[in-house]
Asks: 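Got a structure here, written out as structure tokens. Questions coming.
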Amino acid sequence: MAVYTHVPAEEIDAFLTRYDAGRLVSAKGIAEGVENSNYLLETTGADGTRHRYILTLYEKRVDEADLPFFMDLLDHLGARGCLVPRFIADRDGKRLQQLSGRPACLIEFLTGISVTEPTPGQARAAGVALGELHRAALGFASERRNALDIAGWHDLAAKCGDDFDQIQPGLAARVAQELAFLDAHWPADLPRSVIHADLFPDNVLMLGEDVTGLIDFYFSCTDIRAYDLAVTHSAWCFSNDGAIWFGARGAAIGAGYRQAHGLSAAECAAFPILCRGAALRFLLTRAYDWINTPADALVTRKDPLAYLRRLDFYAQAEPATLLGA
């Protein structure tokens with residue numbers, strides 16, 4: 001989450017009159033993330049009860065034409081028991097609005113916190129939640145291409161160009177080397193489904209070791225199902241700087257996912273390559289944002305080199321090491 005578009009409180013209050021959501025009490029911009037402008041809203045109803053919502057204004061990579069896919073996906077998952085935030089319709093049944101010149105939506109607020117140093121028990125719960133998500137996604141008819149697949153990685157690398165080496169000398173050559181490897185080895189015959197594609201700890205809400213919500217589905221798409229597990233693995237199993245590998249978390253995520261969904265022998269064998277792809281994907285998007293984020297944006301920039309360290313680890317890893325027995 002982030003704030004690129006600053007919306008006056010008076011405009012937010014007027015926006016809320018379209019809904020049965022009460023009157024605005026407070027609106028706080030949320031600085032984490034890099035994709036959209038987000039506000040945590042607190043309102044009060046006629047009876048004095050307080051409510052919370054998320055107001056999102058869509059910017060940058062989120063295409064307005066993709067929003068019906070995300071809305072329908074969350075309705076599908078929610079109807080099957082997944083704890084996901086649904087989009088709220090106004091009194092006319094409209095979910096997508098315009099605010100401050102941007103597409104905007106009012107979204108359910110889910111309780112819970114995002115952990116910064118997950119325990120193995122919390123990592124296992126995340127693995128279970130991802131497996132349950134994949135089960136619940138069965139039967140969802142819509143598809144959306146992953147814009148950040150290998151072709152997308154090549155496009156991002158070309159856009160960064162020589163600027164890679166401003167982040168670290170030799171990074172451009174390392175990215176080119178990895179792209180060539182993945183072009184030659186990326187699996188083509190593994191099961192595909194709708195995936196979350198961004199299940200970082202800050203997109204999993206928890207109370208203790210219980211998952212209370214999965215959020216931020218704006219990268220969700222149709223792709224290799226086990227790649228989703230690889231993305232989650234790369235996000236949960238390292239220190240924030242990517243320097244320390246927590247094997248107990250990796251084994252816990254693997255155990256949780258197997259419990260809820262299961263993994264085939266082919267998916268396990270391909271898992272190190274899928275993890276290399278996940279590491280490269282976030283190295284590239286972080287590098288691009290590092291180079292291009294406006295200086296005055298209220299946004300937390302993330303270190304691309306943290307994912308270079310993950311990439312180097314995965315390049316040497318064995319499947320059993322990553323997911324446990």
Side-chain angles (χ1 to χ4, degrees), residues 1-5 7 12 15-22 27 30 32-41 43 51-112 114 129-130 132-149 192-200 202-205 211-223 225 228 231:
M1 296 180 177
V3 175
Y4 291 91
T5 300
V7 186
I12 295 176
F15 175 85
L16 288 174
T17 61
R18 308 173 195 177
Y19 298 85
D20 294 317
I30 304 171
E32 290 81 8
V34 294
E35 294 305 316
N36 306 308
S37 294
N38 293 274
Y39 292 84
L40 173 61
L41 308 185
T43 69
H51 305 278
R52 287 183 170 184
Y53 303 94
I54 298 295
L55 170 64
T56 297
L57 285 76
Y58 295 97
E59 326 232 13
K60 297 189 72 178
R61 296 193 187 104
V62 177
D63 186 339
E64 184 175 354
D66 287 331
L67 289 173
F69 173 89
F70 303 138
M71 294 173 178
D72 293 344
L73 174 60
L74 291 178
D75 280 348
H76 178 94
L77 295 175
R80 285 155 182 78
C82 283
L83 299 172
V84 296
R86 302 196 200 191
F87 293 77
I88 298 171
D90 68 9
R91 294 188 189 93
D92 296 325
K94 186 177 179 181
R95 294 182 293 183
L96 180 60
Q97 315 280 356
Q98 289 284 321
L99 181 62
S100 293
R102 300 284 190 274
C105 289
L106 193 65
I107 301 171
E108 290 177 336
F109 174 84
L110 301 180
T111 59
S114 300
L130 182 63
E132 290 174 345
L133 185 157
H134 288 168
R135 283 197 176 279
L138 292 173
F140 183 66
S142 298
E143 293 192 0
R144 177 177 179 264
R145 175 183 168 268
N146 184 1
L148 291 169
D149 57 8
R192 297 169 64 85
S193 72
V194 174
I195 64 173
H196 184 284
D198 195 35
L199 202 64
F200 277 62
D202 58 2
N203 289 331
V204 179
L205 303 178
V211 173
T212 59
L214 304 178
I215 63 174
D216 202 352
F217 280 76
Y218 299 113
F219 287 108
S220 58
C221 57
T222 307
D223 208 328
R225 188 174 58 217
D228 210 11
V231 168

Asks: Would you list the pairs meeting ring pair (Phe, Tyr, Trp, His ring centres under 6.0 Å) in which at least one residue belongs to residues 73-107, sequence neighbours left out?
Replies: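 Residue pairs passing ring pair (Phe, Tyr, Trp, His ring centres under 6.0 Å), neighbours aside: His76-Phe140.
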
Asks: Could you grab the distance from atom OG of Ser220 to atom CG of Leu214, nearest 0.5 Å is fine?
Replies: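 CG of Leu214 is found 12.0 Å from OG of Ser220.
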
Asks: Answer yes or no: is there a donor N or O on one side and an acceptor on the other, between the side chain of Tyr39 and the main chain of Ile12, under 3.5 Å?
Replies: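 No, Tyr39 side chain to Ile12 backbone: no donor-acceptor pair under 3.5 Å.
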
Asks: Asp20: which residues meet the side-chain hydrogen bond (donor to acceptor under 3.5 Å, both in side chains) condition with it, sequence neighbours left out?
Replies: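 side-chain hydrogen bond (donor to acceptor under 3.5 Å, both in side chains) list for Asp20, sorted by chain: Arg91.
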
Asks: Using the side chain to side chain contact (heavy atoms under 4.5 Å, CB included) rule, pick out the option among Arg145, Arg144, Arg192 that qualifies with Asp223.
Replies: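 Output: one option passes, namely Arg192.
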
Asks: Looking at residues at least two apart in the chain, or sitting in another chain, which of them share a side-chain hydrogen bond (donor to acceptor under 3.5 Å, both in side chains) with Arg135?
Replies: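 In terms of side-chain hydrogen bond (donor to acceptor under 3.5 Å, both in side chains), with neighbours along the sequence ignored, Arg135 is linked to no residue.
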
Asks: For the residue pair Ile195 and His134, establish whether any side-chain heavy-atom pair is separated by less than 4.5 Å.
Replies: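 They are in side-chain contact.
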
Asks: Give a yes or no on whether the backbone of Tyr218 and the side-chain of Asp198 come within a donor-acceptor separation of less than 3.5 Å.
Replies: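 Checked: no pair found.
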
Asks: Between Arg86 (side chain only) and Gly78 (backbone N and O only), is there a donor and an acceptor less than 3.5 Å apart?
Replies: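 Yes, because the side chain of Arg86 sits within donor-acceptor range (under 3.5 Å) of the backbone of Gly78.
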
Asks: I need the Ser193 OG to Arg225 CZ distance, nearest 0.5 Å.
Replies: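 So the OG of Ser193 and the CZ of Arg225 are separated by 5.5 Å.
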
Asks: Given His196, which of Val231, Leu73, Asp228, Val204 fulfils the side chain to side chain contact (heavy atoms under 4.5 Å, CB included) condition?
Replies: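 Exactly one pass, corresponding to Asp228.
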
Asks: Are any side-chain N or O atoms of Thr222 and backbone N or O atoms of Val194, one a donor and one an acceptor, separated by less than 3.5 Å?
Replies: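 Side chain of Thr222 to backbone of Val194: no pair is present.
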
Asks: How long is the span from the CD1 atom in Ile54 to the CD1 atom in Ile107, to the nearest 0.5 Å?
Replies: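 Reported value, rounded in 0.5 Å steps: 7.5 Å.
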
Asks: Given side chains that start at C-beta, do those of Leu99 and Leu55 come closer than 4.5 Å, heavy atoms only?
Replies: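 Contact flag for Leu99/Leu55 side chains = yes.
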
Asks: Taking side-chain hydrogen bond (donor to acceptor under 3.5 Å, both in side chains) as the test, write out the residues that go with Thr56, two or more places apart.
Replies: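 For Thr56, the residues satisfying side-chain hydrogen bond (donor to acceptor under 3.5 Å, both in side chains) (neighbours in sequence not counted) are Asn38.
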
Asks: Do Asp66 and Tyr58 have side chains that get closer than 4.5 Å, going by heavy atoms?
Replies: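 With C-beta onward as the side chain, the pair stays apart.
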
Asks: Rounded to the nearest 0.5 Å, what's the gap from SG on Cys105 to CD1 on Ile88? Could you check?
Replies: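 That separation rounds to 10.0 Å.
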
Asks: Tell me every residue that passes side-chain contact (heavy atoms from CB on, under 4.5 Å) with Gln98, counting only those two or more places apart in sequence or in another chain.
Replies: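 Result, side-chain contact (heavy atoms from CB on, under 4.5 Å) vs Gln98: Glu64, Pro103.
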
Asks: According to the salt bridge (charged side-chain N to carboxylate O under 4.0 Å, His left out) rule, which pairs have a member within residues 68-77, sequence neighbours left out?
Replies: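 For residues 68-77: Asp72-Arg95, Asp75-Arg95.
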
Asks: Who pairs with Gln97 by side-chain contact (heavy atoms from CB on, under 4.5 Å), at least two apart in sequence or on another chain?
Replies: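 For Gln97 the side-chain contact (heavy atoms from CB on, under 4.5 Å) partners, ignoring immediate neighbours, are Phe15, Arg18, Tyr19, Asp90, Lys94.
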
Asks: Could you pull out all residues at least two apart from Ser100 that satisfy side-chain hydrogen bond (donor to acceptor under 3.5 Å, both in side chains)?
Replies: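 If we apply the side-chain hydrogen bond (donor to acceptor under 3.5 Å, both in side chains) test to Ser100, skipping adjacent residues, the hits are Glu11.
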
Asks: Mind listing the closest non-hydrogen atom pair of Leu16 and Leu41 along with its distance?
Replies: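 Distance-wise, the nearest heavy atoms are CD2-CD1, 4.1 Å.
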
Asks: Taking ring pair (Phe, Tyr, Trp, His ring centres under 6.0 Å) as the test, write out the residues that go with Tyr53, two or more places apart.
Replies: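 Checked Tyr53 against ring pair (Phe, Tyr, Trp, His ring centres under 6.0 Å); zero matches.
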
Asks: Taking salt bridge (charged side-chain N to carboxylate O under 4.0 Å, His left out) as the definition, give me every residue that meets it alongside Arg52, ordered by chain and number, with sequence neighbours left out.
Replies: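 Residues passing salt bridge (charged side-chain N to carboxylate O under 4.0 Å, His left out) with Arg52: none at all.
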
Asks: Can you name the side-chain contact (heavy atoms from CB on, under 4.5 Å) partners of Leu205, sequence neighbours left out?
Replies: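 With sequence neighbours excluded, Leu205 shows a side-chain contact (heavy atoms from CB on, under 4.5 Å) to Leu110, Ser114, Thr212, Ile215, given in chain and number order.
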
